[in-house]
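To find a chain, count down the sequence lines: A is the first, B the second, and so on, and within it residues start at 1.
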2 protein chains.
Amino acid sequence: MSYTVSQVAALAPVSVRALHHYDETGLLVPSSRSDAGYRLYSDADLERLQQILFFRELGFALDVISGLMREPGHDREAALLMQRELLSERASQLHAMINTIDQALDTHDKGIAMNKEDMFEVFGNFDPAKHEEEVKERWGDSDAYVESARRTKKYTKEDWLRIKDEGAVVVEGLAARMEAGAGPDDEEVQRLAEEHRLQIDRNFYPCSKQMHAGLGRMYVADPRFAKTYDNVRPGLAQFLCDAILINAEES
Amino acid sequence: MSYTVSQVAALAPVSVRALHHYDETGLLVPSSRSDAGYRLYSDADLERLQQILFFRELGFALDVISGLMREPGHDREAALLMQRELLSERASQLHAMINTIDQALDTHDKGIAMNKEDMFEVFGNFDPAKHEEEVKERWGDSDAYVESARRTKKYTKEDWLRIKDEGAVVVEGLAARMEAGAGPDDEEVQRLAEEHRLQIDRNFYPCSKQMHAGLGRMYVADPRFAKTYDNVRPGLAQFLCDAILINAEES
DNA sequence: CGTAAACCCTCACGTTACGTGAGGGTCAAG
DNA sequence: CTTGACCCTCACGTAACGTGAGGGTTTACG
């Protein structure tokens, strides 16, 4: 099945001209042309387009998107996970903005002026220019998510089983200590938290304590990840997050 | 207290050049200049800037923002409420996009392809071009929020008390019927729902049944509004919303 | 009191991501 | 076989600034 420009434009929120533009710049070159020179988009082209649109929605410039999607080891799953992260970040950003509005409404009702810094604080985090660097930082020096995709590609089924078992040992250990009433600062819990970090570091991508802390926060903030741990024991995601943060602090 | 361009740029996520630009186009003209011709921004200017930034964040073009803020009867509170609405809409949009990603990840895992329409459906709602019209539509023919601001400006304290009492009668009536076990399709409940609409229509802005339905949905979707009703009786927001939707359907 | 660093101003041209025709083939329907 | 709906390739237009160029102003400090 293949689609012409107008069919794609009807399906996705993108103009015909934009498709021409993406073709010209090499961002999305249709995988074939008809005899008459008509652009024909395949299903795979549409998947690529979807990713482009997600990135665009997130405020990335087209050449940056181009770069991201050209990186060696880039794959759809890694990109989707990254986009998911960024989107949920953006969502909490929006909630913060809503809070700022509520605050503005309150102070407005009372006839008093708002603190100037609070007025704009909420915008700060989503500076598009700053964003690129921040992404690099958050995902590690050499783009952790790319690195991860690169490494995991070579893993065999046995590798995956081993990694899963290693992980299960840590998770079960944590769950047991939690049930035994230990706090997140418990010595054994701390050892397991550090082991958790090292597993990521060994198996997926270089993971500093700082990055690990970021992950920890994500485990509770992001239901998709929280579920992974809370399914083992309710409250485990929060417990692990606390433990990670304590482990990260002792630097 | 007044601020120079760089001070404003440090406070808010806006470049010096952008401030120049806003000045040139008349969107934000600083309320004074120093002897040397330096732009000096007052507190009021900063409030205006904050609003501009919210609108910009929402994807409005600068000339549209200019228009919105120039409309007669435009005031800060009305604008903030409108922005709040649009932001929370945007937030649920993002959550929908996250769901789409989850779906894409699932189908990807299973090695099957996703429905092409589902792939892009989620983007559709936030077409910036379409948005302007939609806003007009949602807020009524003559910009309900502007109309509301215009009318309420003339209200005296007594007007407000009367309106509040009128409203309380309806809300208490609804709460009583709900407690008595009536469903949202109960005859008396329907009468009260319609009265609720008429009160808005009389006191604030022309409110069609369709618009009323939009409001009803907002009462449950938006915690700020839900609270107003749930504080009277838990579950009342949902109850009212259901009643409104039923009332709206019989057109 | 001078002077350098740090700001500010006004042009004015550059850039990104398309919009919007102009001029001209292509294709299915009647 | 023609008409209307698509498609193509230029190519210039536009919005919202970015990025100097050239030149005053303010402030800190020696």
Side-chain angles (χ1 to χ4, degrees), chain A residues 2-41 45 49 51-69 123 126-133, chain B residues 2-42 45 49 51-69 123 126-132:
Chain A
S2 63
Y3 310 80
T4 67
V5 274
S6 67
Q7 284 169 336
V8 175
L11 212 53
V14 69
S15 68
V16 171
R17 176 65 178 104
L19 289 172
H20 288 178
H21 185 64
Y22 296 163
D23 187 0
E24 280 164 28
T25 60
L27 178 56
L28 178 66
V29 180
S31 50
S32 68
R33 294 266 190 150
S34 77
D35 291 347
Y38 288 18
R39 273 165 259 256
L40 295 176
Y41 294 85
D45 292 339
L49 175 59
Q51 283 195 35
I52 291 172
L53 292 178
F54 273 120
F55 279 125
R56 194 183 66 171
E57 184 71 28
L58 286 161
F60 288 90
L62 295 190
D63 57 351
V64 175
I65 298 179
S66 213
L68 280 170
M69 298 184 65
F123 292 104
F126 210 72
D127 193 343
K130 192 186 147 197
H131 212 62
E132 208 178 335
E133 282 175 40
Chain B
S2 62
Y3 309 80
T4 66
V5 274
S6 68
Q7 284 169 336
V8 174
L11 212 51
V14 68
S15 68
V16 171
R17 176 66 177 101
L19 289 172
H20 288 179
H21 186 64
Y22 297 164
D23 188 359
E24 280 164 29
T25 59
L27 178 57
L28 178 66
V29 180
S31 50
S32 68
R33 292 267 190 149
S34 77
D35 292 347
Y38 288 20
R39 275 165 257 258
L40 295 176
Y41 294 85
S42 69
D45 292 338
L49 175 60
Q51 285 196 34
I52 292 170
L53 293 178
F54 272 120
F55 279 124
R56 193 184 66 173
E57 183 71 27
L58 285 162
F60 288 90
L62 295 191
D63 55 353
V64 175
I65 299 180
S66 214
L68 279 171
M69 298 184 66
F123 291 104
F126 209 72
D127 194 343
K130 194 184 145 197
H131 213 61
E132 208 178 336

Visitor: Could you please name the option among D:dC6, C:dC8, C:dT10 that lies closest to any side-chain atom of B:Arg39?
Guide: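 Selected nucleotide: C:dT10.
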
Visitor: Rounded to the Å, how far apart are B:Phe55 CZ and D:dA16 C1'?
Guide: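 It works out to 18 Å between those atoms.
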
Visitor: Kindly compute the distance separating OG (B:Ser2) from OH (B:Tyr41), expressed to the nearest 0.5 Å.
Guide: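 Those atoms lie 11.5 Å apart.
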
Visitor: Tell me which pairs pass salt bridge (Lys or Arg N to Asp or Glu O under 4.0 Å) where either residue lies in residues 6-22 of chain B, with sequence neighbours left out.
Guide: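 Residue pairs with at least one partner in residues 6-22 of chain B: B:Arg17-B:Glu24.
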
Visitor: If you find the nucleotide of DNA chain D closest to B:Ala36 and the one closest to B:Leu62, which residue's nucleotide is nearer the 5' end?
Guide: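 The residue mapped nearer the 5' terminus is B:Leu62.
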
Visitor: Using the side chain to side chain donor-acceptor pair (under 3.5 Å) criterion, which residues pair with B:Tyr38? Sequence neighbours excluded.
Guide: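 Not a single residue meets the side chain to side chain donor-acceptor pair (under 3.5 Å) criterion with B:Tyr38.
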
Visitor: Which ones in residues 14-33 of chain A lie close to DNA chain C, meaning a heavy atom under 4.0 Å from one of its atoms?
Guide: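 Listed by number, they are A:Ser15, A:Arg17, A:Ala18, A:His21, A:Tyr22.
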
Visitor: Counting only side-chain N and O atoms of B:Ser6, is one of them less than 4.0 Å from OP1 or OP2 of C:dC8?
Guide: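 True: B:Ser6 side-chain N/O within range (under 4.0 Å) of C:dC8 OP1/OP2.
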
Visitor: Supply the atom-to-atom distance B:Leu40 CG to B:Ser34 OG, rounded to the nearest 0.5 angstrom.
Guide: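 That separation rounds to 5.5 Å.
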
Visitor: Take the protein atom CG of B:Asp35 and the nucleotide atom C1' of C:dC8, then report the distance between them rounded to whole Å.
Guide: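 It works out to 14 Å between those atoms.
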
Visitor: Rounded to the nearest angstrom, tell me the gap between atom CD1 in B:Ile52 and atom P in D:dC17.
Guide: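 In whole Å, D:dC17 P lies 11 Å from B:Ile52 CD1.
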
Visitor: With respect to the phosphate group of D:dA15, does any side-chain polar atom (N or O) of B:Arg56 fall under 4.0 Å of OP1 or OP2?
Guide: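 No, outside the criterion.
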
Visitor: Return the CZ to CD1 distance between A:Phe55 and A:Ile52, rounded to the nearest 0.5 Å.
Guide: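 It is 9.5 Å, given to the nearest 0.5 Å.
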
Visitor: Measure the distance from CD on B:Gln7 to P on C:dC7 and round it to the nearest whole Å.
Guide: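 It is 10 Å, rounded to the nearest whole Å.
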
Visitor: Is it true that B:Ser42 and B:Asp45 share a donor-acceptor pair across their side chains at a distance under 3.5 Å?
Guide: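 Yes, B:Ser42 and B:Asp45 have a side-chain donor paired with an acceptor closer than 3.5 Å.
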
Visitor: Could you work out which one of C:dC18, D:dT26, D:dC8 sits closest to the side chain of A:Tyr38?
Guide: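 Selected nucleotide (nearest to the side chain): D:dC8.
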
